[in-house]
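Contents: one structure, followed by commentary.
Along the sequence shown, the residues carry numbers beginning at 1.
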Amino acid sequence: MAEAKKYPGKIVFGLDIGTRSIVGTLGYKNGKEFRVIANRVKEHESRAMIDGQIHDIVKVGEKIAEVKHCLEEDTGLKLNEVCIAAAGRVLRTINCLVEWPFVPEREVTDEDIYALASMGVEKAYADFEAINDSDTKFYCVGYSIVRYYLNGYQIGNLEGHKAKVIGADIIATFLPDDVVNGLYKAVGHAKLNISSLTLEPIAAIQVAIPDKYRMLNIALVDVGAGTSDISITKDGSIVSYGMIAMAGDALTEVIAAHCLVDFTTAEQIKRDISMMDIVTYTDIMFLPQSITKAEILETVADTIKSMTSKVAEKIRELNGNKSVSAVFVVGGGGKIPGYTDALADELGIPRERVALRGEEVMQHIIFEDGTQKDSLLVTPIGICLNYFEQSNNFIFVSFNGQRLKIYDNNRLAVVDAAMQAQFPNDALFPKRGQALNYYFEGNIRMVRGHTGEAAVITVNGEPADIYTTIHSNDVIVVKESTAGEPGRLAIGDLKEFQDIITVIVNEQKVELPKYALVNGELQSIYYDIQENDEVELANYYTIKQVAEFMDVILEPDFKIYVNNKNADESTPVYENFSIIWSLKELELSDVTEDARVFAEAESAADSFEDFKKDKVGAEERIEQAEKVGYSETPTELKPGISSLSVIVNGRNVLLTGKSAYVFVDVFEFIDFDLTSAKGRQIVTEINGRTAQFMEPLNSGDVIRICWMS
C-alpha cells in the first residue's frame, strides 16, 4: 500500500455504479479546480446490473470492494465514506412552487434559503404521494431550485434581501425503494457508508454544462450501458430530468447475436470499432472471425435509430414538446460512431449541435494520476463535485427498521426522524389513562388518569431522548409511550364523604356520618364511581334515620321538635340542628338560647340553598352561614385545590387538577397541534433553556413552545 500523503482539501470518494462497470474516483477541490488523485474502473464479470438497477447485490458489492481496495492501495488512504448517484428504470419528477411569508418583514439568511428548499421538497413529496397510484414506496434522490422569488418577483439569489415573502420553483426526483435499497446494500457489503446520494443526470450536469451555459436551452444525455439519463437547462437553471431504459447494452446485444459471441466479446467489438476499421474475434464455436467497421455499423443502425428516437422523444417531452438548441452527449454508450448524427436528425437540429463531450468540458479537472480525460469520467467526477455543491446533504437513518432520508441541517434530532416516519407525536410523550367523569351534587367532575411511561428511545443501542442528535446511518429504535392507569375514585375517597353531620338531640351532641346516593341508590364507601355516575352526599338526616342510628324507638306518643318547631319522623335535620323528642309538649320557656341560634342556622341553610342556585353574593352568604355554625361550602370554593400559574408563549396559563406538575402537562391546557408537522422540529424552552418534558414546573415559569422551520 502506498504511503498516505496530505492533501490541501477534503478527499471525496465518488462511485459511479454503472450497468457495465464501476468507476471510482478520488479527488479534492483546490479553488475552482477539482484535482483527481486516483481513478479505478472495474467491469462486471456477469450481468449483475441491468438497466441501471442492481440484480445481484453480493456481486456488485464485491466489485465495489475491489475498486475501494485498489484506490486504498494507490493512495494509502482508508476509505469509509462514499458519494453515489442513482439511476433506474422508473424515475418520477415533480415540479412545485413553495412560498414562505415572513412576519414581520426581515432579512433572508442562508439558513432561510435552505429551509425554503426543504419545505419545497416536502411539498413535492406530498404532491407525489397524492398521485402515486402504486404500492411502491419512492424516495427523493435529488432536487434542484429552478428559480427563486422575492415578494413575488423572480430573483437570482435571496440571501441578504429584506423580504415579506420568499418562494421557489423546485424540481424533485423520486426513485423506487428497491433501486435505492439495492444501492445501499451493495455499498454496505463493501463496508462503506454513503455520505451523499444524488441522481446520475444531476451529477453529470455538474461537469458537462457549467453555470455559464445554463442560460441556453441545452440537453445533456448520459448514455450508459443500461439507461440514457437526460437533463435539460434553460434560463440559467436545470428545469427537468428524465431517463429511458435503453442504452449501450442494446447495441452490444445486437452485435452478440450477429457475430455469435458472448456479451463480453460483443462489448469489446463495440469499443474496438471506434478505433479500427477491421476487428478480429473468436466466436462461440472457437473459430477466428473478422468483421469490418462498416458491417458492424450497418448491423446496429436500426438499434441506434430506435434508441435516439426514444431519447429525442423524451427530450421534447421534458422541454415542453419542442426540441432543444443543442445536445451534449457523455458516457460510453454514446461513443459509437453515428449516434450523435442520428440524435440530431431525430431532433431536427443541425448535426454539429449534437456532440460528444469529454475533454472539452473538463477544463477545471486536473488528473494528478495521469488518467486521460474521457466522456466516461464525466459522471463519476460530477458525483464528487455534487458533494461540494450540495451544501446541505441528505442523510439516511434507520427508524424502527424503516430507512428514512432526512435533510441534514447539522442539528437533526430523534424528533425529526420521528416526524419524517410519521410516528405519532403523542406516542413520544407519556399518555394519561382514561379520565373518569361523574356528577357530584349536579356538577360535573373529572378524575384524571395516571401518567404513563415515556417512550423508550435508543440510538445505536444507547439510551436517548427525543432531543438526542442523530447522524448518517444511525439506528433509532423508539418503543411507544404507554398510557397510565385510568382515573379511579371510591365513594370513601371523596373529600366530602369524610365529613359528619353534628346535631343536638335532647341537649346531647350526636355525630352522624354522611351517606352517599349513586344514581339514586345508597352505596358503601367501597363503591368505585363509574363513568357518568350521579353522586350525591345527603347533608341531612330525617328524624327517623337519626333515631335508627341512635337505636332509639320513637313511641307513637312522642312529641318531636326540630329547632323548637313541631316536626315528625320525616322532617330533615341539618348541621347543628336541635332535636327534641319527648312524651310531653315543649313549652316556650324551654327554648334555650342555643335553640335560637339553631333557628338562625336553619335560616342560613335556606339562604345557602338559594346560593347554590344563584352565586351572586356567594361570599356574603357563606359568611352569614359560618357565623351561625353552618360550615358547608361548595367544593369549587373550598381552599386547597392544587393549581399552578405559568406563562406560555406570553400568556398566563392556569394548571389545575393535580398536586404537582411537569413540563408535558402544559400541552393539556394550551391549544397546540401535535398531530401534523408545521415545521422541521418542535422548540420547547423553559426560562430560556431547552426543556426536558418530565422536569417539574414552578409557579411563574416562562415557557416557549413553537414549531421551528
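- Annotation: Lys373, atom NZ; neighbour count of heavy atoms from other residues, nucleotides and ligands within 6.0 Å is above 12.
- Here the side chain of Thr265 pairs no donor or acceptor atom with the backbone of Val261 at under 3.5 angstrom.
- The backbone N or O of Ile22 lies less than 3.5 Å from no partner atom in the side chain of His44, so there is not a single donor-acceptor pair.
- Rounded to the nearest 0.5 Å, atoms CG (Asn193) and OH (Tyr184) are 9.5 Å apart.
- The distance from the CD1 atom of Ile232 to the CG atom of Leu318 is 5.5 Å, given to the nearest 0.5 Å.
- The cationic group of Arg92 does not satisfy the cation-pi geometry with Phe174, failing either the under 6.0 Å distance to the six-membered ring centre or the 45° limit from the ring axis.
- No side-chain heavy atom of Leu412 sits under 4.5 Å from any side-chain heavy atom of Thr469.
- When all heavy atoms of Val311 and Ser228 are compared, the closest pair comes out as CG2-CB, 4.1 Å.
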Audit row: Ile336, Ile273, side chain to side chain contact (heavy atoms under 4.5 Å, CB included) steps and yes/no: CA-CA 8 Å; Ile336 191 164; Ile273 62 171; 4.2 Å; yes
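- Between Ser290 and Tyr281, the side chains place no donor N or O within less than 3.5 Å of an acceptor N or O (distance only, hydrogens not considered).
- Looking at residues two or more places apart in sequence or on another chain, you find no ring pair (Phe, Tyr, Trp, His ring centres under 6.0 Å) involving Phe367.
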Test side-chain hydrogen bond (donor to acceptor under 3.5 Å, both in side chains) on Thr379 and Asp16; report intermediate values, then the result. CA-CA 7 Å; Thr379 298; Asp16 183 7; 4.6 Å; no
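- Between atom OG of residue Ser323 and atom CD1 of residue Ile315 there is a gap of 7.0 Å, rounded to the nearest 0.5 Å.
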Val36/Ile365 under side chain to side chain contact (heavy atoms under 4.5 Å, CB included): CA gap, chis, key distance, verdict: CA-CA 7 Å; Val36 178; Ile365 311 299; 4.1 Å; yes
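- Side-chain N/O atoms of Lys335 and Ser274 include no donor and acceptor closer than 3.5 Å.
- Considering CG of Leu197 and CG of Leu175, their distance stands at 8.5 Å, rounded to 0.5 Å.
- Between the side chains of Asp249 and Thr252, no donor-acceptor pair is found at a separation under 3.5 Å.
- For the pair Lys314 and Glu317, the salt-bridge criterion is met [side-chain N within less than 4.0 Å of a carboxylate O].
- Asp416 places a side-chain N or O within 3.5 Å of a backbone atom of Ala413 that can act as its donor or acceptor partner.
- Residues Ile37 and Ile11 have side chains in contact (heavy-atom distance under 4.5 Å, counting atoms from C-beta outward).
- Every residue two or more places apart in sequence or in another chain was checked for a side-chain hydrogen bond (donor to acceptor under 3.5 Å, both in side chains) with Arg20, and none qualifies.
- Going from atom CG of Asp277 over to atom CD1 of Ile291 covers 13.0 Å, rounded to the nearest 0.5 Å.
- None of Ile238, Val239, Ile170 except one satisfies the side chain to side chain contact (heavy atoms under 4.5 Å, CB included) rule with Val146; the exception is Val239.
- The closest donor-acceptor contact from the side chain of Thr299 to the backbone of Ile255 lies at 3.5 Å or more, if one exists at all.
- When side chains are defined from C-beta on, Val60 does not count as touching Lys185, because their heavy atoms never get closer than 4.5 Å.
- Within 6.0 Å of the CZ atom in Arg353, the count of heavy atoms belonging to other residues, nucleotides or ligands does not exceed 12.
- Among residues two or more places apart in sequence or in another chain, the salt bridge (charged side-chain N to carboxylate O under 4.0 Å, His left out) test is passed with Arg271 by Glu43, Glu267.
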Go through the steps to decide whether Phe13 and Cys384 satisfy the test side chain to side chain contact (heavy atoms under 4.5 Å, CB included), and finish with yes or no. CA-CA 7 Å; Phe13 179 15; Cys384 293; over 6 Å; no
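- Pairs passing the salt bridge (charged side-chain N to carboxylate O under 4.0 Å, His left out) check and including a residue from residues 279-296, sequence neighbours excluded, do not occur.
- Applying the side chain to side chain donor-acceptor pair (under 3.5 Å) definition to pairs two or more places apart or across chains, none involves residues 77-87.
- Shortest non-hydrogen contact noted between Asp127 and Cys96 is OD2-CB, 3.8 Å.
- Summarising the geometry of Ala417 relative to Val397, their closest heavy-atom pair is CB-CG2, 4.4 Å, with the distance given to 0.1 Å.
- When the salt bridge (charged side-chain N to carboxylate O under 4.0 Å, His left out) test is applied to Arg214, the partners found at least two apart in sequence or on another chain are Asp211.
- A search for ring pair (Phe, Tyr, Trp, His ring centres under 6.0 Å) contacts involving Tyr339 returns nothing, not counting sequence neighbours.
- Partners of Lys305 according to the side-chain hydrogen bond (donor to acceptor under 3.5 Å, both in side chains) rule, which considers only residues two or more places apart in sequence or in another chain, are Glu346.
- Annotation: Met275, atom CE; neighbour count of heavy atoms from other residues, nucleotides and ligands within 6.0 Å is above 12.
- Heavy atoms only, all atoms of each residue included: Thr19 and Gly226 are closest at OG1-N, 3.3 Å.
- The environment of OH in Tyr213 is sparse: at most 12 heavy-atom neighbours from other residues, nucleotides or ligands sit within 6.0 Å.
- Put simply, the side chain of Asn217 gets close to the backbone of Thr233: a donor and an acceptor are under 3.5 Å apart.
- Within the structure, side chain to side chain donor-acceptor pair (under 3.5 Å) pairs that include any residue of residues 27-38 comprise Tyr28-Glu368, Glu33-Arg35, Arg35-Glu368 (at least two apart or interchain).
- Summarising the geometry of Leu220 relative to Ala208, their closest heavy-atom pair is CD1-CB, 3.4 Å, with the distance given to 0.1 Å.
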Could you walk me through whether Glu462 and Thr468 pass the side chain to side chain contact (heavy atoms under 4.5 Å, CB included) check? CA-CA 11 Å; Glu462 297 295 323; Thr468 298; over 6 Å; no
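- In this structure Lys234 satisfies the salt bridge (charged side-chain N to carboxylate O under 4.0 Å, His left out) test with no other residue, sequence neighbours excluded.
- Taking CD of Glu480 as the start and CG of Asn400 as the end, the distance is 10.0 Å to the nearest 0.5 Å.
- For Gln268, the side-chain hydrogen bond (donor to acceptor under 3.5 Å, both in side chains) criterion is met by Asp272, not counting sequence neighbours.
- Under the side-chain hydrogen bond (donor to acceptor under 3.5 Å, both in side chains) rule, Asn39 has a single partner from Asp74, Thr371, Asp369, Thr25, which is Thr25.
- Between Thr198 and Ala203, the closest heavy-atom pair is CG2-CB, 4.1 Å.
- With salt bridges taken as basic N to acidic carboxylate O contacts below 4.0 Å, none links Lys59 and Glu62.
- Residues satisfying the side-chain hydrogen bond (donor to acceptor under 3.5 Å, both in side chains) criterion with Asp345, sequence neighbours excluded, are Arg351.
- Side-chain atoms of Lys42 never come within 3.5 Å of backbone atoms of Glu66 as a donor-acceptor pair (strictly under, hydrogens ignored).
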